[in-house]
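Each remark here refers to the structure printed beneath this line.
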Amino acid sequence: MADVSNAAPVQRHEHPTAAIGSRAVRYLAALFVIVTLNFLLPRMMPGDPVMNIVGEEAYYGSGEVLDALRADLGLDEALHVQYGRYMTGLVTGDWGYSYLYLQPVRESITLHLRWTLALVLPSVVLAALLAALLGSIAAWKRSSRTDVGLSGAHLLIYSMPHYWLAMLLLFMFSFKLGWFPLGRATSAGASELPYLIDVGWHMFLPLLVVTAFKAAYDFLIVRNSVVSILGEDYVLMAQAKGLSGMAVLFRHALRNALAPLVTVTAIQFGMVLSGALLVEVVFSWPGMGTLIYDAIGARDYPLLQSAFLIIAICVLIANFIADVLYPYLDPRTR
Amino acid sequence: MRILKPVLTLLAAVALLSSGTACTPEQPPTPTPDDPELPESCALVLRVGTTRDFKSTSKFADYWYGVLSNLTTHDSLIKLGPDMLPTPWLARDWTISDDSMTFTFTIAENATWHDGTPLTPRDVQFSIEYYRDRDPQAGWMQEIIESVSVDGNDVVLQLTRPYGNLLTEFMTYSIVPEHIWADVEKPLEYQGTDRVIGSGPFTFVSWDAAAGKYVFDANEDYFQGVPNISRVEFHVYRTMDALVMALSRGEVDTWWDYSGEFPYTHVPPLQDSGEIDFATATFLGVPAALGFNLDEGPTVDFDFRKAITLAINYDQIANLVYAGYGTAPTYGFVPPTHPHFNDDVPRIIYDKEQAAALLDSLGYVDSNGDGLREGQDGRNLRLTLLTRGDMPGTLRVTEMVAADLRAVGIDSNVRALDSSTWVATKDAKDYDLVFFRATPWGTMMHASHGSGYFDSRRTGAGVLHNLDAAEYLDACDARLSTALPEEQERLDRELQQLHYEYLPGIALVWIESLYPYREGWNDWTIDHIYGGVVNSFSWFTVTAD
Amino acid sequence: MRLASHVKTNRLAMVGMIILWVFILGAVFAQLLMPHDPWRHFVPFMSPSVTHVLGTDDVGRDIFSELILGARVSLTVGFMAGLIAVGIGVLVGLLAGFRRGYLDEILMGLTDVVLVIPALPLVILVSVYLGPGIWYTILVIGLVFWPSTARVIRSQVLSVRQSGYVESARALGAGDGWLMRRHVLPNVLPLILAKFVLTVAAAMLMEASLSFLGLGDPMAKSWGMMLHYAFARGGFIREMWWWYVPPGVCISLCILSLTLISFSIEEGSDPRLRRALDR
Amino acid sequence: MILEVRHLSTHYLVRHNPLARFGHRDHLIRAVDDVSFAVTAGEVFGIIGESGSGKTTLARTMLRLCDSTAGDVLHRGRSVFAMNSSELKQYRHSVQPVFQDADSTLDPRQHVGAILEEPLLIHGIGDAATRRQYIGGMLEQINLSPSFLQRHPSELSGGQRQRVALARSLLLNPEVLIADEPTSGLDPLVTTQVLALMLRLKQDHGLTLILISHDLETVAYASDRIAVMYRGRIVELSGGEDFAQRASHPYTRFLLGVERRVPEIPVLEGVHEHIHGAEDGCAYANSCPHHLHVCHSISPELRETSQGHLIACHAIAPE
C-alpha cells in the first residue's frame, strides 16, 4: 500500500505493481517499433536477395529476367508500399514467401519454432527445478564445502561460452565415445515411440548445454534469495519454534525464492531463445537459431522479419506474464 | 508448501506440454512414403556426407538440390566426361552446323520418366523452352535460341547467332517432364510432390529436413542400365568437423560437394583412422584468386599490378593453406586440367626485390622511413583488400597476401564480408584487390578459361567483370561464336595469353583435390565438374567389397 | 572508499581482481611477453614443445603468442563496448529517473523496445550489415547492451531521488544539476561500476560468439577468432586441445573474474542494489 | 505576515492495478485539505497532529517540494507556486526546513564538513576560507567540536545528526525555519536539548519558526500559536499560552486527554478507508462523542469563535 509520507512530489502516485494497463500500451508500442524495425533493418542491408536465388554462377545478361523476378517477389515497389503490404500481411496471417526455404514463411517458422521450443521449454523447466534444489541446498549449507563446490561449479558454467562447451561435449560424447549422434534432431524413418526415443537421443546433448547455462544463472538467484530470506526474523522465529530444517526451507525460504526465479525465467526467455542459437548451430538442431542464421546469410527478408518478430513476441509475452504474475508470487507486494 | 504445489504442478505441466511439441512427428515439407525396405540380396547402399545447405526438393528454387537432382533423378542431354569431352547422355548423338548456328540432338529412344511415361523429344523441346521462359538462371537462352523444333527423334535448335559454348551450357540443364511442368507458371514456388520426378538413374524416395537426409533408390528401368548402387543417401552436416567425425565413425561412406575442395586441414584425422582412402584429381577451378580494380586506384597501372603479383609468396600459400597440395599458377588463370591449356604463358614467380624495384620506379617510395611506401600525395600507400569473411580458407590466404604486401611496404585494409555484402561491394568496385574463387563450372562458363570472370559485359554474383579491353572482348566473342575445335583451341590459348597481357586477375594457387571414401569401395570415376567421386559415371562403375 | 576496502576484504573478489590484472597486464605488455611474432609462419600443426609452448596453428603461427595478443583484442572489445553500453545506459537511466514525466515514458519505452529485441540475432544482423571490423563490433555490442543498465540506474535514481538527503538539498535550493552531480551520481556509482563489470563480461562473450559464427574481424585476433579458426581449420577434429582449449579457458576465466568482482561490488554497497541488479 | 497558507490542498491519486487485484478502485488521498493560516514574523507557530494527519505533506507543500492541488502559499505576499527558478532559489534561501529523521536527510557518502558546506556552495556564499569560518562558528553554536567535520553521518549519534541538520539549515541565515518533527526518534533528554537549542538559535537569529510535531508537550512548550490537524484539515487554532484551557474541539480535547473518543477505526487504516466514500462531512464525526446529524453530511468550516481562537466544529457554537 502506498506510504503517503514518502510519496514522490507528483500528484499521481502509482501502485507498486504499476498500472498494467499502461505497461500493456508500452508493450504494444514496443511491438510496433519492433515490427517497423523488422521491416526496415533487413532492407537497409546491402545485398540483393534475387542474387541468392539465381546463384553464384548465373549469367543474367540484360537483367530483364532479374527485374521480372524482383517484380514477382514484390521487391521492386516503393518502400512504403512494401511496408503497407507487410503490415496487412502480418495482420491477415500472410507472412510472405521464403526465398530460402521455398515455402510460405509461416510454415518454416512454425516448423523451426517447434524444434526450438522443444529444446528451450524443457531446458527452462529443468533448469528451474535443478536450480531450486541445488540453490536452496547451497544456501542452507552456506559457506560449507557443498556450497562452495556448487557455487563454484555454477559460476564456472556461467562463465563459459555456450558454443565452446557444446563443442567439447559433442567431441567427447558423440565423437570420442559415440554415445550420441553428431547432430540434427532425428535420424529419419522412425515413427511413434521409436521416433520419440530417437528425438530424445538426439536432443540429449543440446538440452544438457542449454539447461546447464540456464541453471547456472537460476542457481545464483535462488541461492542469493534463499540466503537473504534465511536471515530474516520470521524464518529465525520459525526455527526457534522448532520447525525442522527442511520444513523451514520449503515452507518459507524456497517459496520466497520462487518469485524472482519465475520473473527472471520469463524475462530471460528471449535471452535463452537467442542463446540457443549457437547451441543449435553446433548440434545442427533444426530450430529458429539455425533458421535465423541461414536467413541472414541468404538475405531472406520475409523469413528474417518473421523470425525476429516471433522471438520478440515471445519475449514480450513472457515479460507481460511476469508483470502480471509478480504480485501473486512475491509475498512482499501482497 | 501450499504455494509450492501448484507452481510445481504448473512447471510439470509446461514440461509435459513442451515435450509434447517434440512428440508431434514432423510433417516433412513434401509428403514422403516411409523408406521402403530394401531387398536383402542387392542392398548396396551408398551413404554420402555433405555440408551443402539443402532446403527442399525443388530443383528450380533450391540451387543445391538442383545440382543434386542432376546427379540422381534427372538427366541432361550431354555430360562432361571424365576426359573433359562432351559425352552422350539423353542425347545419344548430336551434330553442329558449320556456321555453329544449328544444333541437332538425337534423343535416346528408351528413356522413361519415373512415373512410367515415356520420355519423348517433345519433352526435350518443352524443357528448353521452359528454361528459356521461366528460369531466371537461363536468361541467356532468350538471346541465343531462335527456335526449338522436333524432327522425329531429333530436337533441332536454331540459334540467333553462332554460339560455341552451347554444348557446355547444356551439360547443366536437365530435361523435365512436360506433363508435370506444362501448367506450372512459377517453377520456383511449385510445391507439387511430383516435382521430384525425372528420368535419371535414381528415383526420389524421401527428404527429412529435421534429419537432413535425402534418400534415392536405383531406377530399375533406367535406359542406360541399372546403377551398381541400389540406394544412395545424402546426409547433410552443418560443419565439416561433424562430417569428418561421421566419415571416420562410418556413418557415411564418402563426401560430396559441388565444385568444392575437401579441406586439407581435415585430412590427417581421416588418414589416421586407417579406414579412409583418397582419390586425387587436379582441381578444375581456382580455389583462391586475386582480382584487380581496373577502373581506379593504383591498380589501374599494369606495372603496379605486376608488382603485386611479384610480391606474393605463392609457395607459402600452397604449403600452409593447401597443405602442400598446391602449386604456383601461371598468368593464364586456369589450371592445366583444362583442354587447350597454354603452357607458353609464364608461371608467376615470387620475387620481392623485383616487386620493390618496380614499385620504386612507379614513384612509390618510403621517404619517411616508417616501412611503408607513400604515393605522390605523400600519404601511405594503403590498399583495400576485399575478401569473403565466411570462408576461412580465403581469409587465411588474404592474411598471407596482406603480410606479403606489407613486406614490400604496402599497407592494406582488409574488408572481410559475407557473400551478399561482398557481391554488393564488388559490384560497386569498392576495392583495390578482391579475393574470389573460381568454381570448375565457373572457369568453363562464357567464353571459357575463366573469361566469364573478367569480361566487363557480364554481370553476376561471383564475377568481377572488370576487363573492357577491346582485344579481349573480341577474343571472347570470337570464342563464343565458334564450335569448330581448331578455332576454339586457338582462341582458348589466346585468352590465357591475354590474361597475362592485361592482368585483370590471377590465380593464387592451383591444387590437387582429395576425395575421401571408405575402404572397400572401389572403381570410382572422377568427374571434374560434379564433385569428385560422387557423380553420374560412378553410379555405373563403383563396386564394393 | 568503503567499496575499495570491501573488495579487499572479500577473498573471492581478490581472486577475481588478480586474474583480471594478470590478463590486463598481459594485454598491455603483450609485445614483451610474446615469445614469437604472432604473424610469423612456422611449421603448421605443431604439438606443444619448448619453443612453442602451445604448438602452432593451421598456418604455423605460434599459438601462445596469439593467445597473449588475443587478450589485448578481447579485453579491448569488452571494455570499450562495456563503456559505450554503460555510458548510454547511465545517461538514459539518469535522465529518465531524474526528469520523469514524458521524457521518462519515452526513454523507458525505448529501453523496453531495445531490451525486448533478442540481442544475439540483432547483433548478428547489424554486424552483417556493417561488415566485420573490431570497431563496428564494439559499437554494435555497445548499442545493444545498454537497456538493462538504463533500467537499473533509473530505478536506483528514483530511490535516491526520494531519499531525505536529496529532498533536503532541494529544499536548500539546489537545482537539478547540483543534485545529480553531488548526490545522485555518487550514490549510483557503485551500481554503475557493478553494471559496467557485468557488461564487459557480456560484451566479451558476445564478441566470442560473433567470432565463432565467422562475423568477427579476421585481422584482429581475439580469443573468439582463435576459437573460430581452431574449429574451422581442423584444430578441433585433429584433437589439438592446446589450440581450442586455451582461448576458451581464457574467456571463461575473464568472465569469471569479472563476475566475481561485480558480485562483490554489489554485496559491498547498499543492500537495495542487490535487488536492483536482479533485473 | 511572512508566510501565508490559503486554502491549500494536496491530494494524491492512488491507482489500483485492476489485474493484480480485481474490484479495487483508484482512490484519492486528501493529505492536505483546504488549509489556511498565516504566520507572522518572529513567532513560533506550532502544528500538531497524529501521524497520517497530513502535517508532513503540508510542510513539503509549503516548501514546494510537492505540488499543490489547490490553494496557494504566499511568502511576503508572493505566490510560492508562481515563482521562477531564481525566485524559488531565493525563497529557499529564506525559508528552510528541518526534517524528521536526520539520519536519512544526510547523504551517507558525505562527511559533516561537506554536508555543512553544501548550502553555502549552492548559494555561492563566500570563498573557501569564509565558508570554513561560517561553518566553524555554526559548529560552535550547536555545540559540536571541529573534529566532527571529518565524520560521516553513520558515525554520529541521533542528537548529533539532528544538530548537524539544524546547523545546515541555519547556515543560510533563513527568516523562517519549518521544523517537521525535529525531535522524533530522539530520547527525552536529547529532545529537550535540541528544542532548547532551537529556541536559543531562534532568538539569536531572529527566526520565525514553524514547529510541526505529534507531541503535544513539545509544541505547547515552545509555540506562540498552535494549529491542530486532523486528516488533512485544521480543526482548531489558538494561542499557545492558554491552549490547554481554551481547547474546545472534541479532537483537541481527546489529544489533551480530557475526553474519550469512540474507538471505531484504527487511525492509520482510516486514512485510506475514509477516502472511499464520504467526501463531505466532518472527518472526526465517526469518532466524535458529540457528533450531530449534520456532521456526517457537511464539513464544518474553521470559524473564529473568540479572539484568536478558531474551531471547525458544528457542535460548538461561537461565543
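This one's a predicted model, so the numbers in the text were calculated from it and none came from an experiment. Each chain gets a letter, A, B and so on, in the order the sequences are listed, and its residues count up from 1. Any value given below was found using the heavy atoms of this structure, including those in side chains, with hydrogens, waters and symmetry copies removed.
For a residue to count as touching a neighbouring chain, one of its non-hydrogen atoms must lie under 4.5 Å from one of that chain's; by this rule C:Arg40 does not touch chain B. At a 4.5 Å heavy-atom cutoff, the contact between B:Pro392 and chain C is made by backbone and side-chain atoms alike. At a 4.5 Å heavy-atom cutoff, B:Met240 makes no contact with chain C through either its backbone or its side chain.
Under a 4.0 Å N-O distance rule, the pair B:Arg249/B:Glu275 does not qualify as a salt bridge. With respect to B:Arg518 and B:Glu251, no salt bridge is recorded, no charged nitrogen being found less than 4.0 Å from a carboxylate O. With respect to B:Arg396 and C:Asp57, a salt bridge is recorded, a charged nitrogen being found less than 4.0 Å from a carboxylate O.
The choice from B:Leu395, B:Thr425, B:Thr387 that makes the most heavy-atom pairs within less than 4.5 Å of chain C is B:Leu395. In terms of heavy-atom pairs under 4.5 Å with chain B, the best-connected choice from C:Tyr229, C:Trp39, C:Phe236 is C:Tyr229.
Ring pair B:Trp256/B:Phe54 is parallel by interplanar angle, where below 30° counts as parallel and above 60° as perpendicular.
Residue B:Ile348 holds its CD1 atom at 13.0 Å from CG of B:Asp351, rounded to the nearest 0.5 Å.
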